[in-house]
Amino acid sequence: MSLVQLTAEQVELRERAKAFVDDVLIPREEAAERAGGRLPEHDVQEIMKAAVAARLNGGRHAPEHGGQGWSAVDYVLVHEQLGRNTNGLWWWIPDAYNVLAAGTPEQIDRYLRPALKGDAWISYAVTEEHAGSDPSGIATTAVQDGDEWVLNGEKWFVTSGDVAAAHIVVAMVEGHGPTLFIVDADTEGVEFVDEPLFTHTFPHGHPTVRLTDVRVPGDAVLGGLGQADALQQSWFVEERLGIAVHCVAAMGRLLEEAVAWAGTREQGGARLIDHQGVAFPLADSAADATAARLLVHEVAALADSGADRKIVHAKASVAKLFASEAAYRCADRAVQTFGGRGYIRTNVAERFLRELRVDRIWEGTSEIQRLIISRSLERRGVRQVIA
């Protein structure tokens with residue numbers, strides 16, 4: 001069921017995404033886990049080919065750029081299926097960050113179109129050692145030198161940076177402020193200085209990338225000088241909504257797995273689910289999942305309605321905060337339901353416990369979401385935020 005009335009096309013899209021997850025992604029979860037998140041190239045190509053055949057690539061991007069032109073509700077419907085999958089295998093679906101749509105026709109042809117076909121990956125380099133939740137601390141600089149720009153700085157947690165053909169880099173330009181630059185990965189002066197290991201296993205790495213006197217052409221600016229903050233706000237709304245709906249999807253699968261187990265496993269002469277100590281946490285998780293799902297669908301419908309972007313931004317933060325915190329609680333309860341089996345990496349609850357932890361951190365920590373929400377309560381009004 002859905003909060004909004006779905007069209008026949010949306011129902012078909014949802015079912016197409018569900019079949020892709022069930023038939024292509026979930027069967028590869030354990031192999032990905034045992035391989036540290038990395039699958040053989042043959043499997044990768046099969047996933048990408050199946051995703052394109054299912055018309056799941058480039059979902060929110062315009063059809064004229066090679067995307068599907070999804071609405072926010074379409075996006076949520078699809079990712080409510082993709083998020084049921086562990087190990088981030090949905091990341092192999094060809095796509096690109098939405099800020100690339102602000103590029104020039106030449107940038108779209110060179111970077112966006114190939115990414116949406118699966119011919120190239122693009123990373124997004126924002127975070128630094130001393131600039132994460134507060135991007136005002138960004139120290140990476142871009143200085144104009146004739147017809148070129150010279151970039152210097154170091155970026156942390158650059159997802160897909162290890163496989164990217166190009167990086168979208170946020171740098172400070174004197175007199176203009178934060179600006180986006182597209183930097184080809186093979187440009188002289190671009191180097192990887194660390195490849196940290198993380199709690200989750202993921203298809204791509206999150207390396208540290210250093211830029212030392214990196215020269216890029218004048219047309220490497222993406223979206224205009226000083227436009228990084230404005231472009232990223234739209235990006236953050238989409239990313240936070242995506243994280244929230246992935247958390248909703250994870251809770252659904254966790255509940256399905258935990259209820260199935262608790263309904264068949266017997267202890268003390270009764271099924272586990274007949275014990276309140278097991279049943280009540282599952283009920284709490286069901287309440288969390290239901291509330292989070294309603295919230296996510298409301299935000300998506302609001303975004304499609306053309307509502308005030310600042311209100312949508314605030315509500316996306318509410319959705320991310322609630323869903324990410326609730327999903328981690330749900331995963332912890334599911335692990336407890338499975339007991340010792342829940343601590344084995346072949347168990348979906350164990351994998352989600354590790355994977356969902358980062359959803360309270362990336363694309364804005366829970367603390368940052370609380371700041372955004374509290375400020376919106378004062379500036380936009382309580383009823384605008386909670387109604």
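These numbers come from the heavy atoms of this one structure, side chains and all, not from hydrogens, waters or symmetry mates. When a residue number appears, it is its place in the shown sequence, counting from 1.
In Glu46, the CD atom is crowded: over 12 heavy atoms of neighbouring residues, nucleotides or ligands sit closer than 6.0 Å. The local environment of CD in Glu188 is sparse, with at most 12 non-hydrogen atoms from other residues, nucleotides or ligands closer than 6.0 Å. Residue-environment remark: CZ (Phe280) stays at or below the threshold of 12 foreign heavy atoms within 6.0 Å. Heavy-atom neighbours of Arg370 CZ from other residues, nucleotides or ligands within 6.0 Å: above the threshold of 12. Atom OH of Tyr343 is surrounded by 12 or fewer heavy atoms from other residues, nucleotides or ligands within 6.0 Å. Remark: Glu41 CD is packed, more than 12 non-hydrogen atoms of other residues, nucleotides or ligands lying under 6.0 Å away.
Salt-bridge check for Arg84 with Asp22: passed, with a basic side-chain N closer than 4.0 Å to an acidic carboxylate O. The pair Arg351-Glu29 meets the salt-bridge criterion, with a side-chain N (NZ, NE, NH1 or NH2) lying under 4.0 Å from an Asp/Glu carboxylate O. The residues Arg345 and Glu30 are annotated as not salt-bridged, no charged nitrogen and carboxylate oxygen being separated by less than 4.0 angstrom. For Arg28 and Asp23, the salt-bridge test fails: no basic side-chain N is under 4.0 Å from an acidic carboxylate O. For Glu350 and Arg354, the salt-bridge test passes: some basic side-chain N is under 4.0 Å from an acidic carboxylate O. Salt-bridge annotation for Glu257 and Arg253: present, with a side-chain N of the basic residue lying under 4.0 Å from a carboxylate O of the acidic one.
Val183 and Tyr111 fall into different hydrophobic clusters, where Ile, Leu, Val, Met, Phe, Trp and Tyr are joined by side-chain heavy atoms under 4.5 Å apart, directly or via other members. Linking Ile, Leu, Val, Met, Phe, Trp and Tyr whenever their side-chain heavy atoms come within less than 4.5 Å leaves Leu82 and Val52 in two separate clusters. The hydrophobic cluster containing Val190 does not contain Trp121, counting ILVMFWY residues as joined when their side-chain heavy atoms lie under 4.5 angstrom apart, directly or transitively. Residues Ile182 and Tyr97 are members of one and the same hydrophobic cluster, defined by side-chain heavy-atom contacts under 4.5 angstrom among Ile, Leu, Val, Met, Phe, Trp and Tyr. Hydrophobic cluster membership is shared by Leu112 and Leu56, with clusters built from Ile, Leu, Val, Met, Phe, Trp and Tyr side chains linked at under 4.5 angstrom.
Remark: side-chain polar atoms of Ser374 are paired, donor with acceptor, to backbone N or O of Leu371 under 3.5 angstrom. Distance alone, capped at 3.5 Å, is enough to place a donor-acceptor pair between the Thr264 side chain and the Ala260 backbone. For the pair Gln107 (side chain) and Val221 (backbone), a donor-acceptor distance under 3.5 Å is present. His61 places a side-chain N or O within donor-acceptor distance of the main-chain N or O of Ala96, the cut-off being under 3.5 Å. Side chain of Thr179 to backbone of Gly177: a donor-acceptor contact under 3.5 angstrom is found. Proximity of a side-chain donor or acceptor of Asn152 to a complementary backbone N or O of Asp213 within less than 3.5 Å is detected. Remark: the backbone N or O of Ser123 is not paired with any side-chain donor or acceptor of Ser160 at under 3.5 angstrom. Proximity of a side-chain donor or acceptor of His275 to a complementary backbone N or O of Gln267 within less than 3.5 Å is detected. A donor-acceptor contact shorter than 3.5 Å links the side chain of Lys155 to the backbone of Val126. The closest donor-acceptor contact from the side chain of Gln369 to the backbone of Gly364 lies under 3.5 Å.
Taking the ring axis of Phe236 as reference, the NZ or CZ atom of Arg240 stays within 45° of it and closer than 6.0 Å to the ring centre. Seen from the ring of Tyr328, Arg357 counts as a face-on cation partner, given the 6.0 Å and 45° thresholds.
Here Asp359 contributes atom CG and Phe352 contributes atom CZ; the two are 10.0 Å apart, rounded to the nearest 0.5 Å. Considering CZ of Arg113 and CD of Glu64, their distance stands at 8.0 Å, rounded to 0.5 Å. Taking CD of Glu154 as the reference point, atom CD of Glu191 lies at 8.5 Å (rounded to 0.5 Å). With rounding to the nearest 0.5 Å, the separation of CD in Glu367 from CD1 in Ile361 is 9.0 Å. Taken from NZ in Lys320 to CH2 in Trp362, the straight-line distance is 10.0 Å, to the nearest 0.5 Å. Rounded to the nearest 0.5 angstrom, Leu282 CG and Leu255 CG are separated by 6.5 Å.
For the residue pair Ile373 and Leu321, the shortest heavy atom distance occurs at CD1-CD2, 3.8 Å. Among all heavy-atom pairs drawn from Glu355 and Asn87, the shortest one is OE2-N, 2.7 Å. Contact between Ser366 and Glu325 at its shortest, heavy atoms only, is OG-OE2, 2.7 Å. Between Met251 and Ala292, the shortest heavy-atom contact is CE-CB, 3.8 Å. Nearest approach of Asp43 to Leu39, heavy atoms of both residues: CB-CB, 4.0 Å. Of all heavy-atom pairs spanning Ala250 and Leu356, the tightest one is CB-CD2, 3.9 Å.
Applying the side-chain contact (heavy atoms from CB on, under 4.5 Å) test between Phe181 and each of Val170, Leu211, Leu151 identifies Leu151 as the sole match. Exactly one residue among Val78, Ile26, Leu25 makes a side-chain contact (heavy atoms from CB on, under 4.5 Å) with Phe20. That residue is Leu25.
Taking the six-membered ring for Trp and the full ring otherwise, Trp156 and His130 have centroids separated by 6.0 Å or more. A distance below 6.0 Å separates the ring centres of Trp235 and Tyr124.
Using modelled atom types, one finds a donor on one side chain and an acceptor on the other under 3.5 Å when comparing Thr140 with Glu128. Side-chain atoms of Asp288 and Ser285 include no donor-acceptor pair closer than 3.5 Å.
Residues satisfying the side-chain contact (heavy atoms from CB on, under 4.5 Å) criterion with Asp332, sequence neighbours excluded, are Leu353.
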Worked verdict on Asp162 versus His204 for side chain to side chain contact (heavy atoms under 4.5 Å, CB included): CA-CA 7 Å; Asp162 54 331; His204 294 171; 3.9 Å; yes
Intermediate values then yes/no, side-chain hydrogen bond (donor to acceptor under 3.5 Å, both in side chains), Asp304 and Tyr75: CA-CA 11 Å; Asp304 285 341; Tyr75 174 78; over 6 Å; no
Residues His297, Glu80; criterion side-chain hydrogen bond (donor to acceptor under 3.5 Å, both in side chains); working and verdict: CA-CA 10 Å; His297 279 266; Glu80 194 173 354; 3.0 Å; yes
Just list the side-chain donor-acceptor pairs under 3.5 Å for residues 142-150, sequence neighbours left out, or say none.
unit_1	atom_1	unit_2	atom_2	d
Asp145	OD2	Arg215	NH1	3.0
Asp145	OD2	Arg215	NH2	2.7
Glu148	OE1	Arg215	NH1	2.9

